[in-house]
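Below you'll find the structure, written out as structure tokens, and then a few comments.
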Amino acid sequence: MVPQEVSMADEKKKTPVKKEAEGKKEPEVKKEAPVKKEEAPVKKGALSWYFNFNLLYRILIGLVLGALLGIIFGEKILWIAPFGALFVRLLKMIMMPIIFSTLVVGAASINPTVLGKVGVRIVLLYLVTSAFAVFVGLIMGSIFRPSAELATLAVGAAGKAAAKTPISTVLLNIIPTSIAQAVVNETVLQVIFFAIIFGVGISYLSLSKDKRLKTAGDTLVVVFDGIAEVMMRMVTGIMQYAPIGVLALVAEVFAKQGSKVAGSLAVVTIACFLGYAFHVIFVYGGLLVINKLSIKRFFRDAKNPFITAFVTRSSNGTLPVTIEAGKNLGIPRDIYAFSLPLGATINMDGTAIYQGVCAIFISMTVTGANFTLGQMGIIIVTATLASIGTAGVPGAGAIMLLMVLESVGLPVVEGSAVAGAYAMILGIDAILDMGRTALNVTGDLVCTTVVTKGMGMLDMKAWE
Ligand code: ASP
């Protein structure tokens, strides 16, 4: 199924598994492309000090400065917000073209059997890690037992009815009725679905004996290949602006939320962040170590999406950066092009931990008691399933929390104590969302990397 014209650097990384499966001649191997460096070549000029300074340090400085400015100046610093919005807009601008083009080329060049095998493993690992993450959240919540005095609850919190969407609707919604609408509404799962079958269609054209059809298929691959490459170049350029965008985004969050993280809400925040840290160290670290992959090497490329997710609070928005990291980690394009956009939508470990902790906070606050083991089981199932079909956008986790609460008999009804406790969580949602999104994105990369390694398809040269 490999159109010979696919000549991207990644194509040389096609694995023996695939070649065997296809029994076809190998794609022409072009010159070895070096693993991309995050830094631009040494620049000269007025801003050379900026461009030549390590990007990670620049971003970290932006992060710390942003937090300080937000805390010190409070709302007076809010004029800075458009600089953060600029960064988010730039990333979102290329999100759909990058998902679409990389997926089409990926699907057009992979053997469907391999796609199926890799796909099933990745989706299973996504679900298992998410379910485990809810468990981690429930443990953290049970240890810290956060709660608030009912008297301090926000009055008149707007209640929201949790949307009860049957699972059949969630699954049917993966199929777009209009691809244009799916792209415009940024419904990632629908775009993934269409791009995959479109790519598979192209690969059939490329294999055709009819010269006209073959040329048409091959031409389409070359076109989408070109678009994908241009998008990657754009990501590298946009990341040069990341330090300033990060500073502004963090300053905005701290200016608006900083003072709210007090008392009981601080306990919720600590419990969530300890849960996030536990998951990164033990679950992700463990998965990498078991698969004999260096944690340090992994984070050398995973740090950019981690930080970008932290400040943008959007897995979808971070996708261009995550995809660039996947490429640099030696994952073949036909895998990362499919698994990372999918992960951004269905794999949300950070969100799962947050659900566990916050559900306990709300239960402790409203009923004064923790959940029973049975209720915890229901929370694990609901939170894991709720993550499928929920977009990786800021605040999506808070909507999912409504469904989880509903499933254990704590519906958010206007004026109720549950609504008040929920409103308190919403007050600090931006801060909790930063950590959970960073984790969501890292989880996508870890799962994809270890499954790729397990199938013998990871380019180990990138790890030397
Ligand atoms: N912001 C998260 C993400 O984009 C989703 C959430 O709100 O939990 O992955």
Side-chain angles (χ1 to χ4, degrees), residues 84 87-89 91-92 95-96 98-99 126-127 129-131 133-134 136-137 140 160 162-163 185-189 191-192 246 249-250 252-253 257 268-269 271-273 275-276 279-280 284 302 304-323 325 339-359 361 379 382-405 422 425-448:
F87 180 51
V88 175
R89 290 185 82 107
L91 285 174
K92 293 200 80 173
M95 180 185 97
M96 277 299 154
I98 211 168
I99 297 180
Y126 280 165
L127 293 180
T129 48
S130 294
V134 191
V136 171
M140 284 299 160
K160 293 189 186 177
N185 295 341
E186 297 179 352
T187 319
V188 178
L189 271 189
V191 176
I192 292 176
V246 165
L249 286 168
V250 175
E252 186 186 351
V253 170
Q257 320 273 346
V268 174
T269 310
C272 280
F273 276 82
Y276 300 156
H279 205 73
V280 170
Y284 298 157
N304 276 352
F306 184 93
I307 295 171
T308 310
F310 190 84
V311 296
T312 60
R313 290 181 281 132
S314 167
S315 302
N316 284 357
T318 309
L319 254 177
V321 189
T322 321
I323 286 178
S339 77
L340 295 177
L342 186 72
T345 312
I346 72 165
N347 185 39
M348 299 190 174
D349 295 357
T351 305
I353 292 173
Y354 149 91
Q355 315 257 353
V357 173
C358 292
F361 167 78
I379 292 180
T382 329
T384 308
L385 290 181
S387 64
I388 303 175
T390 308
V393 293
I399 309 294
M400 286 159 61
L401 184 59
L402 291 172
M403 292 187 217
V404 171
L405 291 173
Y422 178 73
I425 294 287
L426 284 190
I428 52 162
D429 194 61
I431 289 173
L432 303 181
D433 201 2
M434 290 174 122
R436 66 183 191 243
T437 311
L439 205 67
N440 291 349
V441 165
T442 311
D444 303 339
L445 269 177
V446 170
C447 291
T448 304

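For ligands, and for the atoms within them, numbers begin at 1 and follow the listed sequence. Because the structure is a prediction, the values reported are computed rather than measured.
Side-chain atoms of Met96 and Val191, non-hydrogen and from C-beta on, do get closer than 4.5 Å to each other. Side-chain atoms of Asp429 and Arg436, non-hydrogen and from C-beta on, do get closer than 4.5 Å to each other.
Protein neighbours of ligand 1 below 4.0 Å, counting non-hydrogen atoms: Arg313, Ser314, Ser315, Thr351, Gly392, Val393, Pro394, Gly395, Ala396, Gly397, Asp433, Arg436, Thr437, Asn440.
Applying the side chain to side chain donor-acceptor pair (under 3.5 Å) test to Thr318 and every residue at least two apart in sequence or in another chain returns Thr312. In this structure, Asn316 has no side chain to side chain donor-acceptor pair (under 3.5 Å) partners at least two apart in sequence or on a different chain. Here Ser130 pairs with Asn347, Asp349 under the side chain to side chain donor-acceptor pair (under 3.5 Å) rule; sequence neighbours left out.
Remark: the backbone N or O of Ile353 is not paired with any side-chain donor or acceptor of Tyr276 at under 3.5 angstrom.
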